[in-house]
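Below is one structure, written out as structure tokens; the observations come after it.
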Amino acid sequence: MTEFVYEALPGRVLFGWGTVSRTPAEVKALGCSRALVLSTPGHRAEAERLGAMLRPCLAGVFSEAAMHTPFSVTERALAEVTRYGADCTVAIGGGSTIGLGKAIALRAGLPQVVVPTTYAGSEMTPVLGETANGAKTTQRSMKVLPETVIYDVELTLSLPASMSATSGVNAMAHAVEALYAANANPVTSMMAEESLRLLARALPVIVQDPHDAPARTDALQGCWLAGICLATAGMGLHHKLCHVLGGSFGLPHAATHTVVLPHVIAYNAADAPEAMARVTRALGTDDAAAGMFRLVKRLGAGQSLAALGMPEAGIDSAAEAATRQPYPNPAALDCERIRHLLAAAWSGEPPPGP
Ligand code: NAD
């Protein structure tokens, strides 16, 4: 007998081409009139452009968002919220910028309009990861779930091929883990499989031609679905390992997900046959782990943790850390098996066959 609990999260989503021009109307629809636009330093020009569009509802632009939402940056942004009398935030960028909007929402209660420009999926989740004094903490709170998300395919055209590949595989990781999560359910599984199908088809096209509009459209839809999966079903060994590797060795977020995913699929394959059947079908392959490894290779993305800067001596400590406060996972967490997994991922070997 199948049993499950499915909890849909609230949120308004606009999807299309040029949809960023609808941001002023969406700010007003939230009853707001003083928006603080957020971005990373690299996205300052886009943030300024969006700010100009928002006038007279623009309070200011804050362009200091950084990876892993450092609390020092949030403090400076909160000071700007007060100084400008902002009544909402408009985040334009990837997971780092969106994280800043969430951190502000948590403390100042400001509603959020989010315009994602990568495939990380944070815009759909009530999850916030922050760093303070070198330590990363993650919390789940409905206070941080963005009210309005505006997906504009046109804004993703500038995402370089290499980042599109790793960010896209980061999204695929959300979908894969949702398929075997303890709280998996028919709705998220359907979304996860469709997300994998869209991304597996679109990403190889995008790395050849980052301006391919149909592939960009599919990829952004796939990432939206993956974000819903991450938000409504859980995370397992893969996300745990990536959090450990990111936190312990400062490895880049999306690139780490890309290296680790095929190996975790292999680790879990025997214990999650239905999930693997869906991954296999979505990838159009005969084996989920091998198929994912081949896809990553085809995308030209890095396949070794060593190349990302992980020291070989860190394998043991990372394996131990992954078994402490573990996330639910279909296969039992065995330190020795995880050590082998990490050793293969470190050197860039393919995952073991079934
Ligand atoms: P990012 O937001 O750090 O962006 C990486 C770089 O790409 C930045 O310099 C940015 O300016 C640039 N960039 C973004 N969009 C671009 C575009 N369209 N064209 C050109 N350049 C562009 O990277 P990310 O992978 O999106 O986010 C990673 C962060 O998000 C991590 O801190 C991770 O922990 C967090 N995250 C959180 C959740 C969640 O649910 N809380 C989910 C996924 C990721």
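Atoms within a ligand are numbered from 1 in the order they appear, just like the ligands themselves.
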Of all the atoms in ligand 1, which lie at a distance below 4.0 Å from a heavy atom belonging to [X]?
| X | result |
| --- | --- |
| S158 | 17 (C), 18 (N), 19 (N), 20 (C) |
| T125 | 39 (C), 40 (O), 41 (N) |
| T40 | 10 (C), 11 (O) |
| G95 | 2 (O), 24 (P), 26 (O), 27 (O), 29 (C), 30 (O) |
| M67 | 3 (O), 28 (C), 31 (C), 32 (O) |
| L155 | 18 (N) |
| G94 | 2 (O), 26 (O) |
| M163 | 5 (C), 6 (C), 7 (O) |

Residues E48, R44: salt bridge by 4.0 Å N-O rule: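 The answer is yes: the pair qualifies as a salt bridge.
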Residue and atom name of the nearest protein heavy atom (relative to [atom]), distance in Å to one decimal:
| atom | answer |
| --- | --- |
| atom 1 (P) of ligand 1 | S96 OG, 3.4 Å |
| atom 15 (N) of ligand 1 | T117 OG1, 2.7 Å |
| atom 26 (O) of ligand 1 | T118 OG1, 2.6 Å |
| atom 22 (C) of ligand 1 | H43 CE1, 3.3 Å |
| atom 34 (O) of ligand 1 | K136 NZ, 3.1 Å |
| atom 41 (N) of ligand 1 | V127 O, 2.9 Å |

Would you say [X]'s side chain and [Y]'s backbone share a donor-acceptor pair under 3.5 angstrom?
| X | Y | result |
| --- | --- | --- |
| D152 | V20 | yes |
| S164 | L159 | yes |
| S167 | Y119 | yes |

Give a yes/no verdict on a cation-pi contact between R337 and Y267, requiring under 6.0 Å between NZ or CZ and the six-membered ring centre and an angle within 45° of the axis. yes
Using distance alone, decide if ligand 1 has a nitrogen or oxygen within less than 3.5 Å of any nitrogen or oxygen in G121.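 There is no such contact.
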H239/H257 aromatic ring centres below 6.0 Å: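 Judged by ring-centre distance (under 6.0 Å), H239 and H257 do meet the cut-off.
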Can you find a non-hydrogen atom of K102 under 4.0 Å from ligand 1? yes
Scan the side chains in residues 287-301 for donor-acceptor partners under 3.5 Å anywhere in the protein, sequence neighbours excluded, and list what turns up.
{"residue": "D287", "atom": "OD2", "partner": "A289", "partner atom": "N", "Å": "3.4"}
{"residue": "D287", "atom": "OD2", "partner": "A290", "partner atom": "N", "Å": "2.9"}
{"residue": "R294", "atom": "NH2", "partner": "T285", "partner atom": "OG1", "Å": "2.9"}

Show the nearest heavy-atom pair for residues A184 and F4, with the distance to one decimal. O-CB, 4.0 Å
Tell me yes or no: between the side chains of S63 and S39, is some donor less than 3.5 Å from an acceptor?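 S39 and S63 do have a side-chain donor-acceptor pair below 3.5 Å.
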Donor on one side chain, acceptor on other, S122 and K102, under 3.5 Å: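 Yes, a side-chain donor-acceptor pair sits under 3.5 Å.
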